[in-house]
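Here is the structure we will look at.
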Amino acid sequence: MIELKFPDGQVRDYPPGVTGREVAASLSKSLEKKALLVKLDGELLDLGRPLERGGAVQIVTRDSPEALEVIRHDTAHVLAEAVQELFPGTQVTIGPNVEDGFYYDFARDEPFSLDDLALIEARMRHIVDRDEPITREVWDRGEAIAHFEGIGEIYKAQIIRDIPGEEAITVYRQGGWKDLCRGPHLPSTRHVGKAFKLTKLAGAYWRGDQNNAQLQRIYGTAWASDADLAEHLKRIEEAERRDHRKIGRAMDLFHIQEEGRGMPFWHPKGWTLYRTLENYVRRRTEAAGYVEVATPQILDVSLWERSGHWAKFHDSMFVSETAEGEVLAVKPMNCPCHVEIFRQGQKSYRDLPIRMMEFGGLHRYESSGSLLGLLRVRRMVQDDAHIFCTEAQIEPESTAFIRLLQQIYADLEVELHSVKLALRPDQRFGSDEQWTIAEDTLERAANAAGVEVERIPGEGAFYGPKLEFHLRDAIGRTWQCGTLQLDYVLPERLDAAYIGEDGQKHRPVMLHRAIVGSLERFLGVLIEHHAGAFPLWLAPVQAVVATITSEGDDYAGQVAARLRRAGLRVEADLRNEKVGYKVREHSLAKVPVIAVVGRREAEEGKVALRRLGSDRQQVLPLDEAVAMLTAEATPPDLR
RNA sequence: GCCGCCUUAGCUCAGCCGGUAGAGCGGCGCAUUCGUAAUGCGUAGGUCGGGUGUUCGAGUCACCCAGGCGGCACCA
């Protein structure tokens with residue numbers, strides 16, 4: 001007998017080989033009906049899988065998060081079956097889950113069309129209705145390869161070849177259709193349900209390598225219930241309305257045109273926002289002990305050759321040749337320039353750390369397909385700084401940096417999505433010991449600032465590991481904004497040195513760091529995060545003074561002048577329009593405060609304030625309103 | 001760069017099977033002075049991303065190019 005322990009603490013004996021289904025049935029008829037999977041000691045198994053040993057057992061039903069993952073994965077299988085029924089000759093490859101859904105990559109010469117998606121969805125529903133039992137089989141490796149090659153599934157055969165020798169090869173039979181899969185799966189296709197939708201069509205490379213064949217990826221979303229699906233679709237729709245490109249146009253912040261792909265034109269309001277952010281970051285950074293510098297936009301290629309960037313990145317640099325035959329490269333990053341400033345004169349260990357900051361305008365020739373609004377551009381300004389320090393200063397400087405970043409993100413009310421630690425890449429400089437120390441130092445520094453990091457192998461820069469601070473856009477894509485990178489290489493290549501306590505020359509360590517990253521990208525995220533409704537201190541237009549009739553014009557002018565003198569960005573709306581119309585218009589333009597003045601306010605020396613998103617009014621004496629708004633419009637670091 | 005889709009007035013979008021373009025908002029003009037998310041009337045805007053082809057005739061079909069979007073790849 002094997003001993004199974006249930007979540008409620010109950011322990012029961014069962015014969016070895018009992019299935020999850022039988023266990024569920026032994027508890028209650030209704031549980032047997034609802035059961036989808038069984039969990040044994042944390043491992044999720046098919047309901048029909050014989051249990052050979054005892055342990056903590058749990059019957060998993062539709063409403064559990066684990067079941068949802070399996071539902072999504074099974075929906076991908078149903079998708080694959082439907083595609084192969086409809087389009088014979090199409091090869092299947094892989095179909096993993098992603099956030100909120102799944103995808104499946106197919107190899108087929110002819111591309112799928114959007115119309116095909118509807119067709120495929122209909123067939124998927126049909127397969128769900130057919131209620132095909134899903135069963136697990138363990139196959140011999142050689143037979144499995146022969147089978148999949150025999151039916152022309154070369155990708156599946158390839159996958160089997162790459163499965164480590166000790167692992168079992170499992171094939172799931174779904175009606176008459178078979179797929180190689182680790183599982184687990186639902187008992188039958190009926191349980192997949194119909195709360196799914198195919199959402200997008202895309203190209204994707206086999207094994208993520210652009211040298212390989214391009215496959216066709218179909219994305220879908222799947223949920224445990226129709227209500228969940230509907231809610232998800234609604235969320236997506238709402239998120240799309242927060243798209244910074246739409247809001248940017250509606251608020252007249254910026255535009256991008258064909259002749260300057262990836263190079264935003266900032267309009268007056270957008271530029272006000274931009275400068276407000278820039279000045280805020282500048283103050284916080286200076287207060288943290290940085291010095292600001294400015295360096296050339298375009299430099300002789302020899303500097304980039306010395307730094308090593310020319311060899312590695314010249315394909316993504318803008319280059320110009322002069323009439324005299326010099327080759328100049330537009331700077332893609334500031335690091336070498338900062339090293340050159342460091343190298344001027346002689347530096348002592350007493351000077352370190354030197355924290356050198358620049359709002360550096362950069363140009364990078366990013367691939368055409370990667371450009372995206374403000375989030376991926378070819379022209380950007382980074383809040384770029386380099387900290388030249390000693391080995392011993394790396395950790396405290398790193399921790400201080402992360403604290404500064406946390407402070408700034410908190411002030412801007414954005415939420416950090418994740419922090420990644422990009423570890424040594426295959427091609428790199430430096431010894432393994434050096435890398436181990438560098439990686440561990442960054443992680444310790446992060447932990448000291450209360451940040452948990454996610455280690456990602458192979459993603460580091462060639463000169464050192466990096467911490468990446470990721471934010472999310474409206475539809476959930478993540479974007480690296482802040483970064484902290486450890487670099488032993490560039491000081492060496494560009495011969496940066498300081499005189500140590502011992503009177504000898506030493507190499508400083510260089511920390512590359514940015515908090516908002518590129519102002520363009522950060523503003524893109526910020527616009528989406530706030531849906532254009534910025535906190536008062538950031539809003540490009542902070543208040544509009546709106547009259548009700550022309551009799552309020554004089555007083556409105558005085559109110560606007562008072563607010564402007566107090567430093568607020570204010571517009572007066574004296575147009576001959578109904579006040580309701582003005583309120584609507586400025587609300588749509590996301591102006592945080594509308595100050596309505598009519599005869600009453602004029603007579604009493606007051607203003608009626610209306611906040612964006614609220615329909616209540618606050619009637620205040622002008623002095624009080626000015627004091628209140630001024631306080632609120634003060635950037636967080638100046639309060 | 002690769003795959004797919006899209007590209008019509010300032011904006012958002014409609015234009016079926018090919019017969020030389022419509023709406024709403026916005027703009028402009030006039031009237032209206034009206035207390036918190038759209039006052040009424042009038043009026044001007046486009047040759048349909050660019051090009052080539054098919055056709056008696058193309059926004060509508062085909063092809064090429066460009067840009068945008070969703071992915072993939074890339075991201076110092």
Side-chain angles (χ1 to χ4, degrees), chain A residues 98 103 105 111-117 199-219 240 243 245-246 249-250 252 256-259 261 304 307-317 331-336 362 364-373 376-378 382 384 459-464 466 468 475 477 479-480 483 485 487 489-490 512 517-518 521 546-553 574-589 594-601 608-617:
Chain A
V98 292
Y103 67 76
D105 284 347
F112 293 114
S113 74
L114 248 32
D115 296 336
D116 293 336
L117 288 192
T199 50
K200 28 189 186 189
L201 215 47
Y205 300 103
W206 167 239
R207 300 211 153 143
D209 185 337
Q210 64 173 328
N211 299 311
N212 290 342
Q214 184 145 31
L215 308 171
Q216 293 183 62
R217 178 171 297 180
I218 297 177
Y219 281 94
E240 281 166 359
D243 189 313
R245 292 160 296 194
K246 287 186 186 163
R249 192 180 307 115
D252 196 15
I256 301 174
Q257 64 190 45
E258 283 191 28
E259 295 85 343
R261 303 181 64 189
W304 307 108
S307 73
H309 290 93
W310 186 253
K312 228 176 146 55
F313 298 108
H314 81 271
D315 281 350
S316 5
M317 288 167 75
K331 79 174 165 188
M333 17 126 281
N334 304 296
C335 338
L362 309 178
R364 296 176 181 180
Y365 189 78
E366 301 282 11
S367 68
S368 57
S370 68
L371 301 178
L372 182 69
R376 188 79 182 269
V377 292
R378 285 179 171 164
Q382 281 190 345
D384 198 6
E459 296 287 315
F462 65 91
Y463 50 73
K466 41 182 193 175
E468 302 177 353
I475 63 173
R477 293 176 291 208
W479 298 91
Q480 182 197 308
T483 185
Q485 310 177 7
D487 183 3
V489 174
L490 204 58
H512 305 243
S518 99
R521 171 177 292 182
T547 52
I548 294 167
T549 70
S550 55
E551 128 187 278
D553 287 2
L574 310 184
R575 291 174 305 168
N576 176 17
E577 297 288 354
K578 287 189 162 184
V579 70
Y581 178 82
K582 296 184 182 182
V583 166
R584 175 182 160 79
E585 207 172 56
H586 299 122
S587 298
L588 289 174
I594 301 173
V596 175
V597 297
R599 186 208 305 250
R600 278 207 300 277
E601 287 76 15
L609 301 182
R610 181 194 164 112
R611 299 300 185 128
L612 181 59
S614 158
D615 55 3
R616 285 199 313 241
Q617 315 162 45

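Numbered from 1 within each chain, the chains take letters A, B, ... in sequence-line order.
You'll find the side chain of A:R599 stays beyond 4.5 Å of the side chain of A:I548, heavy atoms only. Looking only at side-chain heavy atoms (C-beta outward), A:R477 and A:L372 come within less than 4.5 Å of each other. A:F112 is listed as a side-chain neighbour of A:I218, based on a closest heavy-atom distance under 4.5 Å. No side-chain heavy atom of A:S316 sits under 4.5 Å from any side-chain heavy atom of A:E366. Between A:F313 and A:P332, every side-chain heavy-atom pair lies at or beyond the 4.5 Å cut-off. A:L574 is not listed as a side-chain neighbour of A:S550, based on a closest heavy-atom distance of 4.5 Å or more.
Between the CZ atom of A:R217 and the C1' atom of B:rC5 there is a distance of 17 Å, rounded to whole Å. When the C1' atom of B:rG71 is taken as reference, atom CD1 of A:I475 falls 10 Å away, rounded to whole Å. Atoms CD (A:E259) and P (B:rG49) sit 17 Å apart, rounded to a whole Å. One atom, CG of A:N576, and another, P of B:rA38, lie 17 Å apart when rounded to the nearest Å. When rounded to the nearest whole Å, the span between CD1 of A:I256 and P of B:rG49 equals 21 Å. Remark: C1' of B:rA73 and CG of A:N212 are 11 Å apart, rounded to the nearest angstrom. Protein atom CD of A:E577 is 11 Å distant from nucleotide atom P of B:rG40, rounded to whole Å. Atom CG of A:N211 is separated from atom P of B:rA73 by 13 Å (rounded to the nearest Å).
The A:E258 side chain lies nearest to B:rA66 when the options are B:rC69, B:rA66, B:rU33. In this structure, of B:rA76, B:rU39, B:rA37, it is B:rA76 that holds the atom nearest to the side chain of A:Y463. With B:rC74, B:rC5, B:rA76 as the candidates, the nucleotide lying closest to the side chain of A:A461 is B:rA76. Here the nucleotide nearest the side chain of A:S368, chosen from B:rG1, B:rA37, B:rG71, is B:rG1. Across B:rA37, B:rG35, B:rU33, the shortest atom-to-atom separation from the side chain of A:V596 is found for B:rG35. Nearest nucleotide to the side chain of A:Y219, out of B:rC72, B:rC34, B:rA76: B:rC72. Of the candidates B:rG4, B:rG70, B:rG35, B:rG4 carries the atom nearest the A:L201 side chain, counting heavy atoms from C-beta on. Side-chain proximity of A:Y205 to the nucleotides B:rA73, B:rC69, B:rA76 is greatest for B:rA73.
Nucleotides B:rU54 and B:rG10, compared at atom C1', are 35 Å apart to the nearest Å. Taking the C1' atom of each, B:rU47 and B:rG42 are spaced 26 Å apart, rounded to whole Å. Nucleotides B:rG18 and B:rG53 place their C1' atoms 15 Å apart, quoted to the nearest Å. The same atom, C1', is picked in B:rU32 and in B:rG40; the two are 8 Å apart, to the nearest Å. Separation of the C1' atoms belonging to B:rA44 and B:rC3 is 44 Å when rounded to the nearest angstrom. Comparing the same atom, C1', in B:rG24 and in B:rA38 gives a spacing of 12 Å after rounding to whole Å. For B:rC16 and B:rC74, the C1' atoms lie 43 Å apart once the distance is rounded to whole Å. Nucleotides B:rU7 and B:rC11 are separated by 15 Å at their C1' atoms, to the nearest Å.
Using a 4.0 Å heavy-atom criterion, one finds that A:R477 contacts the sugar-phosphate atoms exclusively. Residue contacts for A:S316: at a heavy-atom cut-off of 4.0 Å it reaches a base atom on one of the strands shown. The residue A:K466 sits close only to the backbone: its heavy atoms come under 4.0 Å of sugar-phosphate atoms, none of a base. No engagement by A:Q216 is indicated, since no non-hydrogen atom pair under 4.0 Å with the nucleic acid exists. Contact annotation for A:R599: base contact, defined as any heavy-atom pair under 4.0 Å involving a base atom. The residue A:L588 sits close to a base: some heavy atom pair falls under 4.0 Å. Within 4.0 Å of A:K312, counting heavy atoms only, lies no atom of the nucleic acid at all. Backbone-only contact: A:V579 has heavy atoms under 4.0 Å from sugar-phosphate atoms and none from a base. Within 4.0 Å of A:G369, counting heavy atoms only, lies at least one base atom of the nucleic acid. Using a 4.0 Å heavy-atom cutoff across all strands shown, A:A608 reaches at least one base atom of the nucleic acid. As judged by a 4.0 angstrom heavy-atom cut-off over every strand, A:R611 is placed among residues making no nucleic acid contact. A:P111 comes within 4.0 angstrom of sugar-phosphate atoms only, judged by non-hydrogen atoms across all strands, and of no base. Nucleic acid contact class of A:R261 (heavy atoms, under 4.0 Å, all strands): sugar-phosphate only. Among the protein residues, A:A202 comes within range of the nucleic acid bases, having at least one heavy atom under 4.0 Å from a base atom.
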_Evaluate A:R575 against A:E585 for salt bridge (charged side-chain N to carboxylate O under 4.0 Å, His left out), listing each step before the verdict._
CA-CA 12 Å; A:R575 291 174 305 168; A:E585 207 172 56; 2.5 Å; yes

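No donor-acceptor contact under 3.5 Å links the side chain of A:Q617 to the base of B:rG35. For a distance-only test at 3.5 Å, the side chain of A:R376 qualifies as a donor-acceptor partner of the base of B:rC74. With hydrogens and angles ignored, no donor-acceptor pair under 3.5 angstrom links the side chain of A:Y365 to the base of B:rG1.
Within 6.0 Å of CZ on A:F462 lie more than 12 heavy atoms contributed by other residues, nucleotides or ligands.
Both geometric conditions, a ring-centre gap below 5.5 Å and a plane tilt below 30°, are not fulfilled together for A:Y581 over the base of B:rA38.
Every stem involving RNA chain B, taken as at least 3 paired positions in a row under the Watson-Crick or G-U wobble test at 3.5 Å, is listed here: B:1-7 with B:66-72, B:10-13 with B:22-25, B:27-31 with B:39-43, B:49-53 with B:61-65.
Phosphate contact (OP1/OP2 of B:rC75, side-chain N/O of A:R521, threshold under 4.0 Å): absent. The phosphate of B:rC74 has neither OP1 nor OP2 within less than 4.0 Å of any side-chain N or O from A:S370. In terms of phosphate contacts, A:R245 brings a side-chain nitrogen or oxygen within less than 4.0 Å of OP1 or OP2 of B:rC69.
In terms of position along RNA chain B, the nucleotide closest to A:T549 lies nearer the 5' end than the nucleotide closest to the other residue of the pair A:T549 and A:G580. Toward the 5′ end of RNA chain B lies the nearest nucleotide of A:G598, the other residue of the pair A:G598 and A:H309 mapping further downstream.
The heavy-atom pair separating A:R521 from A:S518 by the smallest distance is N-OG, 2.8 Å.
If you check the side chains of A:T483 and A:Q485, you find a donor sitting under 3.5 Å from an acceptor.
A salt bridge (charged side-chain N to carboxylate O under 4.0 Å, His left out) check over residues 200-214 of chain A, counting only residues at least two apart or in different chains, returns the pairs A:D162-A:R207.
B:rG57 has its base anti relative to the sugar, with a glycosidic angle deviating from 0 by more than 90°.
Relative orientation of the A:H512 and A:Y463 rings is parallel, given thresholds of 30° and 60° on the angle between their planes.
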